[in-house]
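Inspection log for the structure reproduced underneath, given as structure tokens.
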Protein chains: 2
Amino acid sequence: MISDQPITSSDKIFYLLRNAIVEGSIKHGSKLNEAELSTTYEVSRAVIREAINRLVTCHLVERKANVGARVVELSEHGLIELYQVRESLEGMAARLAAQNMTQQEIADLNQLLESHFATVKPGESYYQEAGDVDFHYRIILGSKNQQLITILVEGIYHLVRMYRVQFGMAGPRVTTAFDEHKYIAMAIKNRDAELAEMLMRRHITYSKNNIADKLSQS
Amino acid sequence: MISDQPITSSDKIFYLLRNAIVEGSIKHGSKLNEAELSTTYEVSRAVIREAINRLVTCHLVERKANVGARVVELSEHGLIELYQVRESLEGMAARLAAQNMTQQEIADLNQLLESHFATVKPGESYYQEAGDVDFHYRIILGSKNQQLITILVEGIYHLVRMYRVQFGMAGPRVTTAFDEHKYIAMAIKNRDAELAEMLMRRHITYSKNNIADKLSQS
DNA sequence: AATAGCAATATTGTCGACAATGAGTAAATA
DNA sequence: TATTTACTCATTGTCGACAATATTGCTATT
């Protein structure tokens, strides 16, 4: 799979801004001033506008006519909504993955889990961050449903990452999440679409509740 | 709910183009030439670009750097994928609607069904077109999940309509679809989220299969 | 002092021109 | 004749300036 790297100016600015927004160096809810960005990044306003439009496309930014663009607001309520959508879409992704992944892809998925099991120390948060995302991505791509892949990879997942980073969601749930992943992988291996969907939905519901608990404490 | 009408030039062009694409007067898969559109609609290329970007946002158009924008291609395979996503998202919408719709909204929903039942003659395709969409919209909005609403109303549904129009999907299934709607509404009225989701998923699966059968005949 | 209206300013929307890139064509070479 | 290469043309990307709109701050009036 050849990934076309950023050729155009707007591309670069888009990636820069997206990173800044996800990482929080541009705060959520803040306004994006075109002229200002234009001078700081040393490109024309047209480029900035183009980049902002692409940010709108992935739901990281909202724009009002004649008023301007703002980074989306983050809230506990918004996070719940996001996870409800994830539950629905990734459940379907798991179902389709059980039907459509090749034997090779399934083997790779299991190998990924084993390598994680080997390297991860209990209580370490590495797994949650990189490994978890990796696992979910493989299943999403394994669905082979382009519509689904686009919505999740280009739309939802940057928002998910934004919440993870800015709400500081790493923490425990490492080992339990690992087991959940294991069972999902097993269902896929058995080509049990029903079960794969159900387990994935439970997996996401669990982590939603886990997050909601944490937030209400703080 | 106050809907802000098209103020800006790009707005108008966006709506015009979207209509033309959905209705098929701009063919699926065809290229969008910026200069050409600019002269026919008598606006600058900037507003055309803006409009095209918004079409990209609702997945009706795809753009490649330095090459240009094309209307998405329609195919039987693409339609199946679309309906899988609908099944997943609208299932969740029905679940949430059962939890979140007000008593008033539920009453209105039932009244809508009754008025359809009164006016619709068997074999008439009116119901499929307007009534079906109306029913589904109410449930989507009833979910009260903004993320979900945006994805479906701004993204998926224009594509659905595009397939409906251009693949000529009206046909029968009127009366059976009506019954399915009735049972979904009942589940929502009883606040049975589980059942509402299940029935909605089945409803969409049925119509997917119905369409697939038709297409393979022709 | 509070508010309404108005003027000044800041910001976004739109425009036409130029630069950069891709696509198509014809000539040149093997 | 097939293939490569250089050139031309068509199309998209980027720019700075101007127009239209929203926001802000001031003044006047009650």
Side-chain angles (χ1 to χ4, degrees), chain A residues 1-21 26-73 154, chain B residues 2-21 25-73 154:
Chain A
M1 196 190 287
I2 301 139
S3 67
D4 29 11
Q5 56 256 37
I7 300 298
T8 168
S9 240
S10 314
D11 269 335
K12 292 181 215 156
I13 302 296
F14 165 65
Y15 291 129
L16 286 175
L17 286 179
R18 193 178 63 183
N19 245 11
I21 289 170
I26 298 178
K27 287 190 194 69
H28 69 268
S30 68
K31 180 144 193 294
L32 296 179
N33 185 314
E34 295 180 2
E36 189 183 317
L37 292 171
S38 166
T39 57
T40 55
Y41 287 101
E42 296 177 313
V43 289
S44 87
R45 259 186 63 215
V47 173
I48 298 292
R49 278 181 76 81
E50 192 82 15
I52 288 179
N53 283 332
R54 295 184 55 184
L55 291 168
V56 171
T57 299
C58 36
H59 302 280
L60 289 176
V61 163
E62 290 165 347
R63 139 175 285 164
K64 279 183 191 170
N66 288 314
V67 174
R70 305 194 82 89
V71 178
V72 293
E73 202 77 63
E154 238 130 78
Chain B
I2 303 137
S3 68
D4 27 12
Q5 56 258 37
I7 301 297
T8 168
S9 243
S10 314
D11 268 334
K12 293 180 214 157
I13 303 297
F14 165 65
Y15 292 129
L16 285 174
L17 285 179
R18 192 178 63 184
N19 246 8
I21 289 171
S25 44
I26 298 179
K27 286 191 194 69
H28 68 268
S30 68
K31 179 142 193 288
L32 296 179
N33 185 313
E34 294 181 2
E36 190 182 317
L37 292 171
S38 166
T39 57
T40 55
Y41 288 100
E42 298 177 308
V43 288
S44 87
R45 260 186 63 217
V47 329
I48 297 292
R49 279 180 75 82
E50 193 82 16
I52 288 180
N53 283 332
R54 294 183 55 185
L55 291 168
V56 171
T57 299
C58 34
H59 303 280
L60 289 177
V61 162
E62 289 166 346
R63 139 174 285 163
K64 278 182 190 169
N66 287 316
V67 174
R70 305 193 83 86
V71 178
V72 292
E73 202 76 64
E154 241 131 75

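These numbers come from a predicted model, not from an experiment. Naming convention: chains lettered A, B, ... in sequence-line order (proteins, then strands); numbering from 1 in each chain.
- Atom CD of A:Glu42 and atom CD1 of A:Ile13 lie 9.5 Å apart (nearest 0.5 Å).
- In this structure, CD of A:Glu34 is placed 13 Å from C1' of D:dT21, rounded to the nearest angstrom.
- Among the atoms of the strands shown, none is found under 4.0 Å from any heavy atom of B:Ile52.
- A:Ile13 has its CD1 atom 14 Å from the C1' atom of D:dC15, to the nearest Å.
- Atom P of nucleotide C:dT12 and atom CD of A:Glu36 are separated by 10 Å, given to the nearest angstrom.
- For the OP1/OP2 pair of C:dT14 and a distance below 4.0 Å, the side-chain nitrogens and oxygens of B:Ser10 include at least one atom meeting the criterion.
- The nucleotide whose nearest atom lies closest to any side-chain atom of B:Val67 is, among D:dT11, C:dA23, D:dC18, C:dA23.
- For A:Asn66, the listed nucleotide lying nearest its side chain is D:dA22; candidates were C:dT14, D:dA22, D:dT14.
- Out of C:dC15, C:dT12, D:dC15, the shortest distance to the side chain of A:Arg45 is found at C:dT12.
- Distance A:Glu42 CD to D:dC15 P: 11 Å, rounded to the nearest Å.
- At C:dT12, one or more side-chain N or O atoms of A:Lys31 fall inside 4.0 Å of OP1 or OP2 (strictly under the cut-off).
- The distance between atom CZ of B:Arg49 and atom C1' of C:dA17, rounded to the nearest whole Å, is 15 Å.
- When the nucleotides C:dG16, D:dT23, C:dT12 are ranked by their closest atom to the side chain of B:Ser44, C:dG16 comes out on top.
- Rounded to an integer number of Å, the gap from A:Leu37 CG to D:dC15 P is 14 Å.
- Between D:dG13 and A:Thr8, no contact under 4.0 Å exists linking OP1 or OP2 to a side-chain N or O.
- Among the protein residues, B:Leu32 comes within range of the sugar-phosphate backbone only, with heavy atoms under 4.0 Å from sugar or phosphate atoms but none that close to a base.
- The interatomic distance linking B:Asn53 (CG) with D:dG13 (P) rounds to 9 Å, in whole Å.
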